[in-house]
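Below is one structure, written out as structure tokens; comments come after it.
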Amino acid sequence: MKKIVRYRIPVSIVFPATHPRAGEPTDFRMSIYTGFKIHTIRANYALWAKRFEKINRGEAVLEPYFWTGKPYRSKPETIFQLGKDDEIGIQRLEFYEDKDGVPALRYPLVNNFSEPDIEVIAKNDGLSLDDFKDWFKGYDLSEPMAIIHFIKFRY
């Protein structure tokens, strides 16, 4: 019997040190349980696309988790385990350039055709628009990101 690969993905329970709300609770754990946070966004689309190929073949599962205390110094607790039968999915997220020729958070493009409202993306990621912008302001927006869906919903 072939061993199933587990792709663990951390979910922050507090805002990171680089965020204006650093240390405050994100409520992501409860938002995932209640269906308010239906996806997470991660850098490195290519890596996550390869992982989802294995998930879709039934060779791997996705395990969102949170740290019970200090990251890397406390016990990780898995929120749930999701596989190919759970209708999870991935979409490519890119950002159009603004007037300055720099990719901007307010101009999202999903899978090369859908242009959802950035406020909807932020809400579905469990954040207000302002918190979303502050969360991703240090990211390289010229590189594609991955929207990892915990449910069937897609843009």
Side-chain angles (χ1 to χ4, degrees), residues 2 4-16 18-21 26-67 71 76 78-155:
K2 194 171 187 179
I4 299 290
V5 176
R6 296 178 351 173
Y7 293 123
R8 303 198 54 167
I9 185 168
V11 175
S12 298
I13 58 172
V14 296
F15 284 92
T18 57
H19 195 280
R21 294 180 57 193
T26 60
D27 296 323
F28 285 167
R29 180 176 54 176
M30 186 55 67
S31 294
I32 290 171
Y33 285 131
T34 60
F36 181 71
K37 179 177 174 61
I38 63 173
H39 60 58
T40 186
I41 297 174
R42 301 299 161 127
N44 200 341
Y45 173 80
L47 170 74
W48 284 105
K50 286 180 184 177
R51 289 178 174 180
F52 265 82
E53 287 175 9
K54 284 188 175 184
I55 291 170
N56 291 333
R57 288 194 306 260
E59 300 170 3
V61 293
L62 183 70
E63 288 187 350
Y65 73 93
F66 63 93
W67 295 104
T78 299
I79 300 171
F80 44 64
Q81 188 178 82
L82 301 166
K84 71 174 188 168
D85 296 332
D86 295 305
E87 301 185 279
I88 62 175
I90 184 172
Q91 289 186 294
R92 182 182 177 108
L93 174 63
E94 297 176 274
F95 294 95
Y96 287 116
E97 296 177 356
D98 62 14
K99 294 177 186 175
D100 298 333
V102 176
L105 281 170
R106 63 183 167 268
Y107 303 115
L109 177 66
V110 176
N111 282 359
N112 296 321
F113 66 88
S114 177
E115 298 178 23
D117 187 311
I118 193 64
E119 289 187 45
V120 173
I121 292 175
K123 177 182 164 273
N124 289 338
D125 209 49
L127 295 164
S128 70
L129 181 57
D130 288 339
D131 285 338
F132 183 86
K133 288 178 180 178
D134 286 331
W135 193 289
F136 289 102
K137 72 179 170 189
Y139 281 65
D140 180 358
L141 299 180
S142 67
E143 294 296 321
M145 299 173 80
I147 303 174
I148 299 171
H149 293 275
F150 301 136
I151 63 171
K152 186 178 181 177
F153 172 84
R154 306 292 186 269
Y155 293 103

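In this chain, numbering begins with 1 at the start of the sequence shown. Since the structure is predicted, the reported quantities are computational estimates derived from the model, not experimental observations.
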Backbone N or O of [Y] within a donor-acceptor pair of the [X] side chain at under 3.5 Å?
| X | Y | answer |
| --- | --- | --- |
| K137 | Y139 | no |
| D98 | D100 | yes |
| T26 | S12 | yes |

Roughly how far, to the nearest 0.5 Å, is [atom2] of [Y] from [atom1] of [X]?
| X | Y | atom1 | atom2 | answer |
| --- | --- | --- | --- | --- |
| D125 | I38 | CG | CD1 | 9.5 Å |
| I147 | N111 | CD1 | CG | 7.5 Å |
| D130 | W135 | CG | CH2 | 14.5 Å |
| I55 | I90 | CD1 | CD1 | 8.5 Å |
| N44 | R51 | CG | CZ | 8.0 Å |
| T78 | R6 | OG1 | CZ | 6.0 Å |

Legend entry - Qualifying residues under side-chain contact (heavy atoms from CB on, under 4.5 Å), relative to R42, sequence neighbours excluded: I9, P10, T40, W48, I148
Nearest heavy-atom neighbours spanning [X] and [Y]:
| X | Y | answer |
| --- | --- | --- |
| F80 | P64 | O-CD, 3.3 Å |
| D134 | P20 | OD2-CG, 3.4 Å |
| P116 | P108 | O-CG, 3.0 Å |

Inset, instruction - Would you check, one step at a time, whether the test side-chain contact (heavy atoms from CB on, under 4.5 Å) holds for Y155 with L93? - result: CA-CA 10 Å; Y155 293 103; L93 174 63; over 6 Å; no
Legend entry - Of all pairs that satisfy ring-ring contact (aromatic ring centres under 6.0 Å, His included), the ones with a partner from residues 87-133, not counting sequence neighbours: F132-F136
Legend entry - Parallel, tilted or perpendicular: ring planes of F15 versus H19, cut at 30 and 60 degrees: tilted
Legend entry - Step-by-step side-chain contact (heavy atoms from CB on, under 4.5 Å) determination, V102 to E97: CA-CA 5 Å; V102 176; E97 296 177 356; 6.0 Å; no
With sequence neighbours left out, what residues match [X] under side chain to side chain donor-acceptor pair (under 3.5 Å)?
| X | result |
| --- | --- |
| R29 | none |
| S128 | D131 |
| Y45 | none |

Inset, instruction - Return each pair, listed once, that meets side chain to side chain donor-acceptor pair (under 3.5 Å) where at least one residue sits in residues 81-94; pairs must be two or more places apart or across chains. - result: E63-Q81, Q91-H149, R92-E94
Inset, instruction - Under the side-chain contact (heavy atoms from CB on, under 4.5 Å) rule, what do F36 and D27 come out as? Steps first, then yes or no, please. - result: CA-CA 10 Å; F36 181 71; D27 296 323; over 6 Å; no
Legend entry - 4.5 Å side-chain heavy-atom contact, K133 and L127: no
Inset, instruction - Check whether any side-chain heavy atom of W67 lies under 4.5 Å from a side-chain heavy atom of I13, and answer yes or no. - result: no
